[in-house]
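Report on the structure given below.
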Number of protein chains: 2
Amino acid sequence: MRQELHLQNILLYDLCIADYFAAMDEIDRKIACLLAEDARRSLADIGGVVDLSPSAVNERIRRLTASGAIQRFTVEADPVAFGQDVLAFVFVALNYEAGEAAFKDFIAACPNVLDCHHVTGGWSYLIKIRVATLSGVEDFLQQLKERRFLARSETMLALSTVTEKPFKPF
Amino acid sequence: MRQELHLQNILLYDLCIADYFAAMDEIDRKIACLLAEDARRSLADIGGVVDLSPSAVNERIRRLTASGAIQRFTVEADPVAFGQDVLAFVFVALNYEAGEAAFKDFIAACPNVLDCHHVTGGWSYLIKIRVATLSGVEDFLQQLKERRFLARSETMLALSTVTEKPFKPF
DNA sequence: AATTCTTGCCGCATTTAATGCGGATCACAG
DNA sequence: CTGTGATCCGCATTAAATGCGGCAAGAATT
């Protein structure tokens, strides 16, 4: 029983957490992989690959989704086709007086921001943005300035892209 | 006739190209948006939002996919659930003797590489990788070194993530 | 101004896929 | 050895996607 072990001993509790994730076996991994390649494959089709019935596959997908391992079904879109031609990376040294929480809220709400990570090194945050034109980059920086988030910043433009893909299980 | 215009005049030809992309109207944009949020929505459901019949919606999705504006149907997966806990950015100054094409091939084939862009500034490429552990970062750098791709490099680890999402039309 | 032609849409019929559920099997704990 | 839980299968049901004929609006042609 998980709960008993938990009450007994924190180490065993940790094992149970690990076990919770380990509930995902090779088959789940394979299913997630197949869905990442093409989320429209039928359950029967997937079942043919992993040697399970459609219902069993369905149940596994349900579990993967419920546990958050699969976060959502979506489409990959071409930024250029949607008029977002410019890709840039902005390094930010935060002006902490303006409030780190406010900064995070702003970033999280900004549709142009694709990535924002707290990073090691001389900068506090690394931000990846997609905008329609170069002036979109300027607008973005201007917004950061207006809100007093910037102590210092540096911007790199992406000239071309070798590869750009969301995380996929493999 | 497009072809006649093309033969007449290069400017008109350009207009035709623009027209090709402009074939995507606000409804297509909205549909792509809805699919990005949840690719499993039914055609009827989407049709309800954009005020079209399921068949019309289906036809539009088919066109969006065929034109490449929608690149594929996929799932967003949680890297941590799949054991890829470490996110890092590697800046590379390329040793051009080793061959830029070989570098690109290597990068494109490497499953750990999520992003790789040619960028402005002091570095040639910015690479985003996901690996299971810190030693995975070392392994990656080691591989670049072995192949003589590195003139110089610098690595930033992501300590935490404010937001991380693939491009979505909006 | 009249007439093709094209394009996009609707709505229904058909086909395909997903879902829900009862019963069988297996692993494991008591 | 027996009970318990989890997972699976297979079928019946429900829901969704697909395919196609016909219609209507707008553009191009004459």
Side-chain angles (χ1 to χ4, degrees), chain A residues 1-9 12-13 15-32 34-67 69-70 72-75 81, chain B residues 1-9 11-13 15-32 34-67 69-70 72-75:
Chain A
M1 284 288 129
R2 274 183 191 158
Q3 211 161 2
E4 288 177 22
L5 291 177
H6 173 204
L7 293 173
Q8 278 173 9
N9 181 320
L12 284 177
Y13 173 67
L15 283 172
C16 292
I17 293 288
D19 180 60
Y20 170 75
F21 285 111
M24 184 165 49
D25 60 12
E26 274 315 304
I27 295 182
D28 284 328
R29 208 177 207 84
K30 186 72 192 164
I31 289 174
L34 292 168
L35 287 176
E37 281 166 22
D38 177 8
R40 279 185 149 184
R41 296 182 76 145
S42 73
L43 301 176
D45 202 13
I46 296 171
V49 177
V50 299
D51 209 47
L52 282 178
S53 74
S55 346
V57 173
N58 195 31
E59 174 60 15
R60 278 168 178 268
I61 293 175
R62 197 197 56 72
R63 274 208 314 265
L64 285 168
T65 308
S67 76
I70 290 177
R72 62 168 156 182
F73 287 73
T74 185
V75 291
Chain B
M1 284 274 144
R2 280 194 182 144
Q3 211 161 2
E4 289 179 20
L5 291 176
H6 173 206
L7 294 172
Q8 280 175 10
N9 181 318
L11 192 64
L12 285 178
Y13 172 67
L15 283 173
C16 292
I17 293 286
D19 180 60
Y20 170 75
F21 285 111
M24 183 164 51
D25 59 13
E26 273 314 303
I27 295 181
D28 284 328
R29 207 176 209 84
K30 186 73 192 164
I31 289 174
L34 292 169
L35 287 177
E37 279 168 24
D38 177 7
R40 282 184 146 183
R41 296 182 77 144
S42 74
L43 302 176
D45 202 15
I46 296 171
V49 177
V50 300
D51 209 46
L52 282 179
S53 74
S55 348
V57 173
N58 195 31
E59 173 61 14
R60 278 169 178 270
I61 293 175
R62 196 197 56 72
R63 274 206 316 266
L64 284 167
T65 308
S67 75
I70 289 178
R72 63 168 154 182
F73 287 73
T74 184
V75 290

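Just so we're on the same page: letters track the sequence lines, and every chain starts at 1.
Between D51(B) and K30(B), none of the side-chain N atoms (NZ, or NE/NH1/NH2) sits under 4.0 Å from a carboxylate O, so this pair counts as no salt bridge.
Sequence order on DNA chain D of the closest nucleotides to R40(B) and V57(A) puts V57(A) first from the 5' end.
The CG atom of D51(A) sits 12 Å away from the C1' atom of dC9(D) (whole-angstrom rounding). One interatomic measurement links the two molecules: CZ of R62(B) to C1' of dG19(D), which rounds to 12 Å at whole-angstrom precision. Note: CG (L35(B)) to P (dA17(D)) measures 10 Å, nearest angstrom. Between the CG atom of L52(B) and the P atom of dG11(C) there is a distance of 11 Å, rounded to whole Å. Look at CG on L43(A): it is 7 Å from C1' on dA17(C), rounded to the nearest Å. With rounding to whole Å, R60(A) atom CZ is found 18 Å from dA18(C) atom C1'. Across the protein-nucleic acid pair, N58(B) atom CG and dT14(C) atom P stand 19 Å apart, rounded to whole Å. Distance, I61(A) CD1 to dA17(C) P: 14 Å, rounded to whole Å.
Scanning both residues, T74(B) and A36(A), for their nearest heavy atoms gives OG1-O, 2.7 Å.
In the set dC10(C), dG8(C), dT7(D), the nucleotide with an atom closest to the side chain of R63(A) is dT7(D). Of the candidate nucleotides dC10(C), dC8(D), dA17(D), dA17(D) has the atom nearest to the side chain of S42(B).
Within the 4.5 Å cutoff, side-chain heavy atoms of I46(B) are placed close to those of L35(B). Contact annotation: the side chain of V50(A) never approaches that of R60(A) to less than 4.5 Å [non-hydrogen atoms, C-beta and beyond].
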